[in-house]
Protein chains: 2
Amino acid sequence: MKPTQARAQEKELRLIDAASRVIHKQGFVRTTLGDIAQEAGIALGSLYYYFKTKDDIVRAIVAQRVRDLREGMIDWERLDRAADRIDALIQVWVNTRDVDALYGCPIGSLCYELAKQGGALGALAAEPLRLQLDWAKQQFCDMGYDENAAGDLALHLITALQGISLLSNAFSDAELITREARHLRLWLQQL
Amino acid sequence: MKPTQARAQEKELRLIDAASRVIHKQGFVRTTLGDIAQEAGIALGSLYYYFKTKDDIVRAIVAQRVRDLREGMIDWERLDRAADRIDALIQVWVNTRDVDALYGCPIGSLCYELAKQGGALGALAAEPLRLQLDWAKQQFCDMGYDENAAGDLALHLITALQGISLLSNAFSDAELITREARHLRLWLQQL
DNA sequence: GTCTATATGGAGATAGAC
DNA sequence: GTCTATCTCCATATAGAC
């Protein structure tokens, strides 16, 4: 890859990052391209050099989030015990509880918003969630559960994490995440 | 109350109901006043005789949902055992799983959307959720748990219900609700 | 590649006849 | 009370200079 291409892609990543932040805060529909341009520090018209439509931007955001998730999951492979890896996922929620209380889970809230939009965009937004669900199921399989049981446990775990992000956002209360995380950890210990 | 007032309020309730349905499907921001008027079978301009602004409409929807929830909770007082009342709540999710898979929980998805909007509207949207949380806590208190434990259990229950609505909507899969409901019922039995 | 200026459409809200 | 017609604003997207 030529240096110029690398720089161009780097710039695009910065735009995606800016768009991801402001859409997380305001939601996709209410966020204007002007908002994104301002957050990125460029002119409105310049956005169109990188993305043809607003939908293209959200597609790029979702793809980037999938990449980030995969990277984090590879990182967790260093942990020997599956229980520790699941604990690491829960800890992510605890660590981001303040921003979640303000704006919700970036993945879940986007899913909810784009699902109502209908069409292919809704299914696309669910991909990061699918990835977490599959990953969690694998961890429970590693703990010795069969496919069916592991699927149920993973569903319950991801469900709880998404649910607590919604509640903590609805009530603007980050401590709800702390409380639910404690509940989930006790549940995992008693499995 | 005079008959004319009764009729006017009845008409207003029908408008609220129509707005509630279409906003549940499309989301608040994406739903236009034209959509609501069409769903209600009236002209766009006629909406403004009943509601001064779009925000007024969503406020009326939330207030109506609170009334509906209270009514349902009074109905459940017929059930002697608190465990049966909680089971009735879970059964609501099972019963509405198809529409939840299509559009999510009407309460939770509106919370997520309006929380990003900021301001008083976000806090208002959380009122039905607060009501469910308080009600669930009371049921666990009735089962003999102290305030603290009952609060944690209620939080976990409502969290799971909201989370599974989000997931089933994200994946357009109503059966996820059936699976999580089974998980929750087993959990309740083992308490 | 980045900018300013603008075309185009659609949304909330209003006016005023009936 | 209900309607049609319209005002006004703002968002996406485009055009074209630099």
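Residue numbers start from 1 in every chain, and the chains themselves are labelled A, B, ... in the order their sequence lines are given, proteins ahead of strands.
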With heavy atoms under 4.0 Å as the rule, sort B:Ser46 into base, sugar-phosphate or nothing. base
In Å, rounded to the nearest 0.5 Å, how long is the span from CG of B:Leu121 to CD of B:Glu113? 10.0 Å
Whole angstroms only, please: what is the CG-P distance between B:Asp35 and C:dA11? 7 Å
Checking A:Ser109 now: which residues fulfil side-chain hydrogen bond (donor to acceptor under 3.5 Å, both in side chains) with it, not counting sequence neighbours? B:Lys116
Which whole-number value in Å describes the distance from A:Leu47 CG to D:dA11 C1'? 13 Å
Among D:dT4, C:dG12, D:dT12, the nucleotide that comes nearest once only the side chain of B:Ala43 is considered: D:dT4
Protein-nucleotides 14-18 of chain C N/O pairs closer than 3.5 Å?
none

In terms of heavy-atom contacts, does CD of A:Glu175 have more than 12 from other residues, nucleotides or ligands at under 6.0 Å? yes
Looking only at side chains, do B:Asp17 and B:Ser20 share a donor and an acceptor under 3.5 Å apart? no
I need the CZ-P distance between A:Phe51 and C:dG1, as an integer number of Å. 14 Å
Quick check: is B:Ile177 connected to B:Val99 through a chain of hydrophobic side chains (ILVMFWY, heavy atoms under 4.5 Å apart)? no
Distance check needed: D:dG1 C1' versus B:Glu10 CD, whole Å only. 16 Å
Quick one: label B:Tyr50 by what it contacts on the DNA or RNA (base, sugar-phosphate, nothing), any heavy atom closer than 4.0 Å. sugar-phosphate
Take the protein atom CG of B:Asp55 and the nucleotide atom P of C:dA13, then report the distance between them rounded to whole Å. 7 Å
A:Trp135 and A:Trp76 aromatic centres sub-6.0 Å: yes
Nearest-Å distance for atom pair CD1/P, residues A:Ile57 and D:dA11: 14 Å
Answer with yes or no whether the side chains of A:Gln91 and A:Asp87 bring together a donor and an acceptor at under 3.5 Å. no
Any idea which of C:dA13, C:dC3, D:dA11 is nearest the A:Thr32 side chain? D:dA11
Interatomic distance, A:Tyr49 OH vs D:dA13 C1' [rounded to whole Å]: 18 Å
I need the CZ-C1' distance between A:Arg30 and C:dA11, as an integer number of Å. 12 Å
Considering only side-chain heavy atoms of A:Lys11, which listed nucleotide, D:dT2, C:dA13, C:dT2, is closest? C:dT2
